[in-house]
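Down below is the structure, laid out as structure tokens.
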2 protein chains.
Amino acid sequence: MAQGHDIAIALRGAYLALHRRSESAFAAHGVTADQFVLLATLSRGGHALTQRELARRMSSDPSTVRAMLVLLEQRGLVGRDAHPTDARARAVALTARGERAFRQLWTASEPVREQVLGALQPDEAETFVRLLARVAHRLNPESVPVGGPTPSHSPEE
Amino acid sequence: MAQGHDIAIALRGAYLALHRRSESAFAAHGVTADQFVLLATLSRGGHALTQRELARRMSSDPSTVRAMLVLLEQRGLVGRDAHPTDARARAVALTARGERAFRQLWTASEPVREQVLGALQPDEAETFVRLLARVAHRLNPESVPVGGPTPSHSPEE
DNA sequence: TATTGTTATACTCTATAACTATA
DNA sequence: TATAGTTATAGAGTATAACAATA
């Protein structure tokens, strides 16, 4: 019988394995796994995001995201322009150089994604994501809704 | 269709939610979630562990574990005695005070484990742990074997 | 020779609280 | 009043490499 502690430890173990594997995949490119997640979130976003929205989507904190953005901005991978309609906000987006870098990073991390996917049957992958989302949602209702990131649910922004 | 990236992001989201929830459960006790994992690993170990074995069991790094042990030793929660048969090694164990603290921490984190468990049906919990272990094992064969921690496999040490 | 642990070192992520500017 | 972001600050965890002692 899997108890709460067993689940927590297994979840931790799987995440840390993923994180380490990702770190070594990105190390040669001078980028961390978390920075990759940030870049991927911007790339998937389709358009510029506010720092707050970026933090929410990557399960992070606005203040943490800011620190990461400063590093990435210094390297010219992201830009923070004035927000078109809200003078308080910043519109964060990948620069052209950031997009190029992201494509390289995506390729470099292909083996990691293949390993993850290779550990699961197609139906298991679906189940896995569903259970992960349920657990995340239970622990933090602010997180992405259970059905997964449903772009049809909330059209935009 | 869940792709590798979706799985990775979902795994990250679930872990970070668990981590934050745990941090706030432990904050009042002046202990971090990772320190709790260390204490729990010692408590579950049944006997003293070497730093290396401790690091392996908690999916961590010997050098990281040492830094954590220094902090916990200063607070009198763990002891590092000479290893009985290997003069190079240290035998790490909870002190009496550490055991008391751990029992308190265990109680303080009960709600977190209940939330995790409450998000899953009993059979789903089994499946979840199994899939997590498979993914972890694929990403890092050094980690705990798929069937779970099989103490029958390697008797001791 | 290989292994256990230490030391030094550096850096990212994390997060709170007080603050400014704007909605 | 509430929100977006900044700043200052602090600390934990992470990990590498060189090293000593022991197996």
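Within every chain, numbering begins at 1; the chains are lettered A, B, ... in the order of the sequence lines, protein sequences first and strands thereafter.
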Measure the distance from [atom1] on [X] to [atom2] on [N] and round it to the nearest whole Å.
{"X": "B:Phe26", "N": "D:dG11", "atom1": "CZ", "atom2": "P", "answer": "21 Å"}
{"X": "A:Gln35", "N": "C:dC13", "atom1": "CD", "atom2": "C1'", "answer": "10 Å"}
{"X": "A:Asp61", "N": "D:dA8", "atom1": "CG", "atom2": "P", "answer": "18 Å"}
{"X": "B:Leu69", "N": "D:dA12", "atom1": "CG", "atom2": "P", "answer": "14 Å"}
{"X": "A:Gln74", "N": "C:dC11", "atom1": "CD", "atom2": "P", "answer": "12 Å"}
{"X": "A:Arg66", "N": "C:dT16", "atom1": "CZ", "atom2": "C1'", "answer": "15 Å"}
{"X": "B:Asp81", "N": "C:dT4", "atom1": "CG", "atom2": "C1'", "answer": "16 Å"}
{"X": "A:Arg56", "N": "D:dG5", "atom1": "CZ", "atom2": "C1'", "answer": "18 Å"}

Checklist line | Distance-only polar pair, side chains of B:Gln115 and B:Arg21, donor-acceptor under 3.5 Å | finding: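 A pair is found: one side chain offers a donor N or O, the other an acceptor, under 3.5 Å apart.
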
Item checked: B:Arg103 and B:Thr107: side chain donor to acceptor below 3.5 Å ->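 On atom types as modelled, these side chains do not qualify, holding no pair under 3.5 Å.
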
Under 4.0 Å from OP1 or OP2 of [N]: is there any side-chain N or O of [X] that close?
{"X": "B:Ser60", "N": "D:dT14", "answer": "yes"}
{"X": "A:Arg88", "N": "C:dA23", "answer": "no"}
{"X": "B:Arg90", "N": "C:dG5", "answer": "no"}
{"X": "A:Thr32", "N": "C:dC13", "answer": "yes"}
{"X": "A:Arg20", "N": "D:dA15", "answer": "yes"}
{"X": "B:Arg52", "N": "C:dT4", "answer": "yes"}

Check: Hey, mind stepping through A:Arg20 and A:Glu23 against salt bridge (charged side-chain N to carboxylate O under 4.0 Å, His left out) and telling me if it holds?
Finding: CA-CA 5 Å; A:Arg20 292 217 175 81; A:Glu23 288 286 11; over 6 Å; no

Notebook entry, point to check: Looking only at N and O atoms, is any donor in the side chain of B:Ser63 or the base of D:dT14 less than 3.5 Å from an acceptor on the other one?
Noted result: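 Absent.
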
Margin query: Taking the nucleotide of DNA chain D with the nearest heavy atom to each, does A:Gln51 or A:His19 sit closer to the 5' end?
Written below: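 The residue mapped nearer the 5' terminus is A:Gln51.
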
Item checked: First of B:Ala87 and B:Met68 reached from the 5' end of DNA chain D, by closest nucleotide ->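 Looking at the nearest nucleotide for each, B:Met68 comes out on the 5' side.
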
Next item on the list: Answer with base, sugar-phosphate or nothing: what part of the nucleic acid does A:Glu23 contact at a heavy-atom distance below 4.0 Å?
Entry: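 Nothing, no nucleic acid heavy atom in range.
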
Next item on the list: Check every strand shown and say whether A:Ala67 touches a base, only sugar-phosphate, or nothing at a heavy-atom separation below 4.0 Å.
Entry: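 Answer is base: heavy atoms of A:Ala67 come under 4.0 Å of a base.
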
Notebook entry, point to check: Are B:Arg12 and A:Asp34 within salt-bridge range, i.e. N to O under 4.0 Å?
Noted result: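 Salt bridge between B:Arg12 and A:Asp34, a charged N being under 4.0 Å from a carboxylate O: yes.
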
Check: Should the ring pair B:Phe36 and A:His5 be called parallel, tilted or perpendicular, given that the plane angle runs from 0 to 90° and is split at 30 and 60?
Finding: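 Correct class here is perpendicular.
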
Checklist line | Nearest-nucleotide comparison on DNA chain C, the residue closer to the 5′ end among A:Val65 and A:Asp86 | finding: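 So the residue in question is A:Val65.
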
